[in-house]
Number of protein chains: 2
Amino acid sequence: MARKDFGQYCGLARALELVGERWALLIIRELLTHPSRYTDLLEDLPGIPTNVLSTRLKELEQVGIVERQVAPAPQRGVLYALTEDGQSLQSAVLTLALWGNSRLGEQQASEFVPPSSVAMAFRATFNAQAAEGLSASWEIHTAGVMLYVVITKGQLTTGIGPASPDPDLVITIRSAQMPTFQAVLKAIASGKVETNGREELLGALIEIFAPAELLASLGR
Amino acid sequence: MARKDFGQYCGLARALELVGERWALLIIRELLTHPSRYTDLLEDLPGIPTNVLSTRLKELEQVGIVERQVAPAPQRGVLYALTEDGQSLQSAVLTLALWGNSRLGEQQASEFVPPSSVAMAFRATFNAQAAEGLSASWEIHTAGVMLYVVITKGQLTTGIGPASPDPDLVITIRSAQMPTFQAVLKAIASGKVETNGREELLGALIEIFAPAELLASLGR
DNA sequence: CTGCATCCACTTTGATACTG
DNA sequence: CAGTATCAAAGTGGATGCAG
């Protein structure tokens, strides 16, 4: 373990010692959007070796970032989730992702869009002012995954999975591949979606989440 | 290089591919506070192997984060500096450092405080409101290093090195080891410093940079 | 002196196979 | 489902050498 240490009394160095290893922050991104079991993480992070996942989870658990939970009745098995300390990494993850977004370039054929990155984008672009006082919930179905966006009195929660309780509006986007966040908003803005529920809530998503550039590119 | 790729079209993954390798963000932290030559970096990042530094600098240069410059007349040699893209990593570095600060714990005897982390702390805690319209400059001398803090019409620039032009106030803190940012502010607040210049600017530093908790711990 | 390149021991990672 | 075991390949750390 001494090899990992930088020997610096510095927040950045300490952060890198704790979550700077390969795959660590991607695991944390997954857990920020949904508690996962071991095999979920293997699926969501294709390419991660099983032993590395196993090692990272142990390390992250040891330093109090990740928690093992025994899953409740219906599922059973082990669930990994973030502790409060782990959750507090969210702003750092969002800031790094924001920088990385500007250097994404064109999507390669070999690259897939992680659903959790779309959920994170909802958090990053949330316009709290536009949502002030609002309570509403959406469920977005696309490429075989489900994403929930719930706003309760202006507070956002979003992640992978079904909305609970029942969402006010279900939005279905037909797509074989997972679309990017931008593509999702574009589909919504251009009406290329199927809806089920309170359709008047469709436009609200755009108002609340579309960044200025995107609005411009949509001609609004 | 294919090994480094995560195969994800995601800002976080891309960021980690570009600056996620060992030592990379620490190099960037150094360059955020002062352009450096190769040997400066070796000194400022004790423990980094020469070949790793060399490799990182090449990689970071190749992806447009770092620039090689031929140093001007007096010094000669090669200077490494951040490009604009590199500078834009600052918010990510600050956010990560902020999280890491909360997990620093007690300083170990084997740990040193990197001067650049103190400069970064000045940026992180800068209270723009308190500095609105102000123009003033400080130079802090301690443990053999010099730190400048310059505010021009409310805009902060800070880093390692002398202030130019001449600072309004020079503050000397006697200390063998580099003190932490908190220790610097504490020394200033408690008057355990020597000054040279416009002494009335001493208190302003506290008003502008002390975070609320620190003010509380100082009994203000 | 600066700015690396080279060499070697060691560690981490990736890929695959296998087990309770 | 939730990991271990194994092994090759790549990366890292430490020391040294060397040209400009």
Side-chain angles (χ1 to χ4, degrees), chain A residues 1-8 13 16-27 30-31 34-63 66-81 110, chain B residues 1-8 13 16-27 30-31 34-63 66-81 110:
Chain A
M1 294 287 165
R3 199 197 127 259
K4 279 172 53 174
D5 287 5
F6 289 105
Q8 303 186 5
L16 293 173
E17 287 165 2
L18 293 169
V19 298
E21 282 178 300
R22 197 160 163 75
W23 294 103
L25 279 177
L26 295 181
I27 293 171
E30 291 305 315
L31 298 182
H34 59 288
S36 309
R37 16 174 104 200
Y38 185 84
T39 43
D40 293 336
L41 290 169
L42 282 180
E43 269 184 48
D44 296 339
L45 300 171
I48 190 173
T50 59
N51 53 354
V52 171
L53 176 56
S54 170
T55 311
R56 290 292 168 277
L57 287 171
K58 273 178 215 153
E59 291 164 348
L60 292 173
E61 190 189 351
Q62 186 140 31
V63 297
V66 159
E67 252 175 356
R68 283 168 65 102
Q69 306 172 337
V70 174
Q75 323 178 13
R76 293 193 314 285
V78 183
L79 269 189
Y80 290 95
S110 61
Chain B
M1 294 285 165
R3 198 192 130 265
K4 278 172 55 175
D5 287 5
F6 289 106
Q8 304 186 5
L16 293 173
E17 286 165 5
L18 292 168
V19 299
E21 281 179 300
R22 197 160 160 78
W23 293 105
L25 279 177
L26 295 180
I27 294 171
E30 291 305 315
L31 298 183
H34 59 288
S36 309
R37 3 169 119 200
Y38 184 85
T39 42
D40 293 335
L41 290 169
L42 282 180
E43 269 184 48
D44 295 339
L45 300 171
I48 190 173
T50 60
N51 53 355
V52 170
L53 175 57
S54 172
T55 309
R56 290 290 169 279
L57 286 172
K58 275 179 214 152
E59 291 165 346
L60 292 173
E61 189 189 355
Q62 184 138 30
V63 297
V66 159
E67 256 176 354
R68 283 168 63 100
Q69 306 172 337
V70 174
Q75 326 179 11
R76 290 193 319 284
V78 183
L79 269 189
Y80 292 95
S110 60

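In the text below, chain A, chain B and the rest are named by the order of the sequence lines, each starting its count at 1.
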Rounded to the nearest 0.5 Å, what's the gap from CG on B:N51 to CZ on B:R56? Could you check? 9.5 Å
Using a cut-off of strictly less than 4.0 Å, decide whether A:W23 has a side-chain nitrogen or oxygen near OP1 or OP2 of C:dT12. no
Over all atoms of both residues, closest heavy-atom pair of B:P49 and B:W23: CD-NE1, 4.2 Å
A:V52, nearest nucleotide to its side chain (from C:dG14, D:dA2, C:dT2): C:dG14
Return the CG to CG distance between A:L16 and A:D5, rounded to the nearest 0.5 Å. 11.5 Å
Protein-nucleotide distance (B:E17, atom CD; D:dG11, atom P), rounded to Å: 14 Å
Return the value, rounded to whole Å, for the distance between atom NZ of B:K4 and atom C1' of C:dG14. 16 Å
Tell me the salt bridge (charged side-chain N to carboxylate O under 4.0 Å, His left out) pairs involving residues 34-46 of chain A, sequence neighbours left out? none
Find the distance A:L41:CG to D:dC1:P and express it as a whole number of Å. 13 Å
Side-chain N or O of A:S54 versus OP1/OP2 of D:dA2: is the shortest distance under 4.0 Å? no
When rounded to whole Å, the CZ to P distance for the pair B:F6 and C:dT13 reads 10 Å
What is the distance, to the nearest angstrom, from the CD atom on B:E21 to the C1' atom on D:dG13? 15 Å
Contact list (N/O, under 3.5 angstrom) for nucleotides 17-20 of chain D vs protein:
none

Could you check which of D:dA2, D:dG13, C:dC4 has an atom nearest any side-chain atom of B:R68? C:dC4
Considering non-hydrogen atoms only, spot the tightest contact between A:L60 and A:L18 and give its length. CD2-O, 3.8 Å
Between the first and last five pairs of the helix from C:dC1-D:dG20 to C:dG20-D:dC1, the angle of the axes, rounded to 10 degrees: 30°
Any side-chain N or O of B:Y80 less than 4.0 Å from the OP1 or OP2 oxygen of C:dC4? yes
Interatomic spacing from OG in A:S110 to CD in B:Q8 - rounded to 0.5 Å: 11.5 Å
Side-chain atoms of A:V78 come closest, of C:dT2, D:dG3, C:dT13, to D:dG3
Residue list, side-chain contact (heavy atoms from CB on, under 4.5 Å) with A:V78, at least two apart or on another chain: A:R68, A:Y80
Taking only N/O atoms, report every protein-nucleotides 15-17 of chain C pair under 3.5 Å with atom names and distance.
| unit_1 | atom_1 | unit_2 | atom_2 | d |
| --- | --- | --- | --- | --- |
| C:dA15 | N6 | A:N51 | ND2 | 3.1 |
| C:dT16 | O4 | A:T50 | OG1 | 3.3 |

Rounded to whole Å, CD1 of B:I27 lies from C1' of C:dG3 at a distance of 14 Å
Is the distance from OP1 or OP2 of C:dG3 to the nearest side-chain N or O of B:K58 less than 4.0 Å? no
Mind checking side chain to side chain donor-acceptor pair (under 3.5 Å) for A:E61 and listing every partner two or more places apart, or none if nothing turns up? none
Looking at A:R22 and B:K4, would you say the former's side chain and the latter's main chain have a donor-acceptor pair under 3.5 Å? yes
Rounded distance [0.5 Å steps], CG in B:L53 versus CG in B:L26: 11.5 Å
Would you mind telling me which of C:dG14, D:dG3, D:dT12 lies closest to the side-chain atoms of B:R56? D:dT12
One should read off an interatomic distance between B:Y38 OH and B:T50 OG1, to the nearest 0.5 angstrom, of 4.5 Å
Tell me: OH of A:Y38 to P of D:dC1, nearest whole Å? 12 Å
B:R22 side-chain N/O to D:dG13 phosphate OP1/OP2 under 4.0 Å: yes
Within this structure, what is the CG-to-P distance between A:D40 and D:dA2, rounded to whole angstrom? 8 Å
One should read off an interatomic distance between B:L41 CG and B:S54 OG, to the nearest 0.5 angstrom, of 11.5 Å
